[in-house]
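Working notes, structure below.
Residue numbering restarts at 1 for every chain, and letters A, B, ... go by the order of the sequence lines.
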Amino acid sequence: MKLVLKGGRIIDPSQQLDIVGDVVVVDGRIEAAGVGLAEAADGARIIDVSGLVIAPGLVDMHVHLRDPGLEAKEDIASGTRAAAAGGYTTVCPMPNTKPVIDNAILVAGMKQKAREEGVVNVQIIGALSKGQQGKELAEIGDMMLNGAVALSDDGHYVESAYILKTGLEYARMFGGLVISHAEEESLAGDGFMHEGAVSAMLGLRGRPAVAEDIAVARDVLLAEYTGGTIHIAHVSTAGAVECIRQAKLRGVKVTAEATPHHLTLTDEAVIGFNTATKVNPPLRSTEHVEALIAGLKDGTIDAIATDHAPHAFEEKDMEFRYAPSGFSGLETALGVILNSFYHTGKFTLNEVIDRMSTTPAKILGLEAGTLKVGAPADIVVIDPEKEWTIDSNNFYTRGKCTPYEGNTLRGRAVATIVGGRVVMQGGEVKE
Amino acid sequence: MTKGQVSLRGKDILGLQGMTVDEMGLILDSAKEMKNIIDRDIKKVPTLRGKSIVNLFFEPSTRTRTSFELAGKYLGADVVNVTTSASSVVKGESLRDTLLTVEAMGVDIIVMRHEAEGSAEFAASAVSPVIVNAGDGAHEHPTQGLLDMFTIREKKGNISGLKVAIIGDILHSRVARSNIWALLKMGADVSVAGPRTLLPRDLEKHGVKVYDRVEAALEGADVVNILRIQRERQQKGLFPTTREYARIFGVNKDRLSLAKDDVLVMHPGPMNRGLEIAPDVAYSAQSAIQEQVKNGLAVRMAILFLVLMGGNDIEVSA
Ligand SMILES: [Zn+2]
């Protein structure tokens, strides 16, 4: 089975590649990438991608597929189709499901289910603590040896410094990356939005930026002390960015991600009480957003992750206070990032692909995020100029909720190829 | 004032942050005429005969509900009170479905009180009857804000240029917010004071002067609006004891003497006498607290009238 993508601009940050040429795929792997390869490819299926960008498929290291147990919000089938529609070839679901993915049997079960029902690669993140309760360590070793790619109590802050310390020490033996949702609970727990001028106006209880600053500082110090590896999920404050920047200078093994929404929206989006703007950590004020973008530019923030967090319609159709936090992100992320950062000249296409594919794959040690010869043929074809309008009715995810509803964007994925199979073309998921 | 061009017909009254000075002026002018009706022997006028109003209260509030109920009845409307729980878990029904049910009964106005900020906006987008916000969490209480403006205008003639101090728990207060937006739009100089723990962060970014000490805010004030302190704030650790609150932040005669001699004293009620306000302040000659209640009725009559009948003809005949 041979597939040739013909005449596209090949951008691969993993090998500093930026040329116009062809990519040849044989038996699900990259056979070659270069100029004039299509001519020799007799008998192959040829897709003409002239004028488009060929890049390693996007890797989302932070999604919630809600499967098992919360299928009214999402399941593996719908979530991976949303991923394919958005140009993602690998997604990493967080373990805050029902039950929590906190042992090797569940990890193996999830991998099996993903192979049967999913249309993109699914890499499993196991819980750090049993039931994500923050009290006892989960079977970290067993999970890592059975294919978990990282450990996280995401959805919750690991309140006990003791548990995070022992977790980092223990996970280190297995090369286990610990991912932290860093918001200090006693400060943030009761709040509904960023604390600042907008919360002063709306009367909504605040989640102060300092709650995240404190949590990130503690987590980074524990990683430094233990020699463990920590990844800070969905960084949203200027203080956290600076803390991570300083830690990296000291050689602490810390990486970080930011979401498209924290990079492009401010707390002013909450005016009007649209529950599609309710998320944890909350949308911040301009100075935080600017610091986050600067951090993404200088490499302090390594990756862009969606924190795709779908909810059922009836859950979000509520008073702001009562609505759950989070919204869908897989199908909007690339468009939002290209529109806000590539088309404004702030980031190159190479940088965008690096932050959305090559670097997150590297952080998790995945065989992904690259078009090197022999790598799995996980590829996204991007039309950077394509104009489209976000309409959640057209989403593949069950979570028909986005703060970008109605926005017109420039740039989107037009084909997604997973292991050499075309799973999405022209916005349509194939299976 | 370009009263003739402004109309509130069919408009939701959600908050004063989103209301223009002209719209507020129209309500205040109309309320003046409504107040004359309240002073009559026979109060009923047939203006809103055949119209129906539902007071949909998800939080108990005898004061505001009674005021709206009488306002509707004095204008001849049919008024029904529905008091229910905000929690859809307890109630087994979402806010949207409750609103749709009320709408299906063909009501003209839904007056809504709810503990959640933004619930009035939610209601306005969910159903077609006019929504009048009777308080949504800590967000807004526009009719209280307007009755305070009415009271100030009645006593002081004008609002522009006045120094107004708002004292107490600003953080949790919808009354404070509605007052602040109206006062700022109308050109008043607004100061707030109270324990730092009860003042919203970054409030000064909205053009309000923020003080820790009550004395600083009261200095030279033309108007002081004293907010009710909820005792559960103390249990949440926001201030040490009610005793300390009364001693340091309570408005008493001594502190009030820092204000102008003819300072106007207001309180949205119900009062905790001896806590946020000393009795000799509450019942002083400068106090308009009882008058506020009457003005509230007038303002609510004006609003119900204006949203149903429009703003061009505010003549109310007996
Ligand atoms: Zn999280």
Roughly how far apart are [X] [atom1] and [Y] [atom2], rounded to 0.5 Å?
| X | Y | atom1 | atom2 | result |
| --- | --- | --- | --- | --- |
| A/M201 | B/K205 | CE | NZ | 13.5 Å |
| B/D202 | A/E195 | CG | CD | 8.0 Å |
| A/L202 | B/E140 | CG | CD | 9.5 Å |

Is it the case that more than 12 heavy atoms not belonging to [X] sit under 6.0 Å from its [atom1] atom?
| X | atom1 | value |
| --- | --- | --- |
| B/R201 | CZ | no |
| B/K236 | NZ | no |
| B/K185 | NZ | yes |
| B/E103 | CD | yes |
| B/R196 | CZ | yes |

Checklist entry - Does the pair A/R321 and B/E117 meet the rule for a side chain to side chain contact (heavy atoms under 4.5 Å, CB included), with working shown? => result CA-CA 7 Å; A/R321 274 191 192 200; B/E117 297 79 12; 2.9 Å; yes
Checklist entry - Aromatic rings A/Y322 and B/H114: how do their planes relate, parallel, tilted or perpendicular, breaks at 30° and 60°? => result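 The arrangement is tilted - the two ring planes meet at 30° to 60°.
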Next on the checklist: Is there a side chain to side chain contact (heavy atoms under 4.5 Å, CB included) between B/L95 and A/M318? Walk through the geometry before answering.
Outcome noted: CA-CA 7 Å; B/L95 177 58; A/M318 278 223 197; over 6 Å; no
Item to check | Flag, side chain of B/R177 to backbone of A/A200, donor-acceptor distance under 3.5 Å | outcome: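 Such a contact is found between B/R177 side chain and A/A200 backbone.
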Next on the checklist: When you measure from the side chain of B/H139 to the backbone of A/L204, do you find a donor-acceptor pair of N or O atoms at a distance under 3.5 Å?
Outcome noted: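 Checked: no pair found.
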Checklist entry - Does A/Q246 have any side chain to side chain contact (heavy atoms under 4.5 Å, CB included) partners at least two apart in sequence or in another chain, and if so, which? => result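 In terms of side chain to side chain contact (heavy atoms under 4.5 Å, CB included), with neighbours along the sequence ignored, A/Q246 is linked to A/E242, A/L249, A/R250.
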Item to check | Residues forming a side chain to side chain contact (heavy atoms under 4.5 Å, CB included) with B/T241, sequence neighbours excluded | outcome: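 Applying side chain to side chain contact (heavy atoms under 4.5 Å, CB included) to B/T241 gives B/R243, B/E244.
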Item to check | Check: A/F320 and B/E121 side chains under 4.5 Å, non-hydrogen atoms | outcome: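 Not in contact.
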Item to check | Criterion side chain to side chain contact (heavy atoms under 4.5 Å, CB included) on A/T275 and B/F122, from CA distance to verdict | outcome: CA-CA 10 Å; A/T275 58; B/F122 181 99; over 6 Å; no
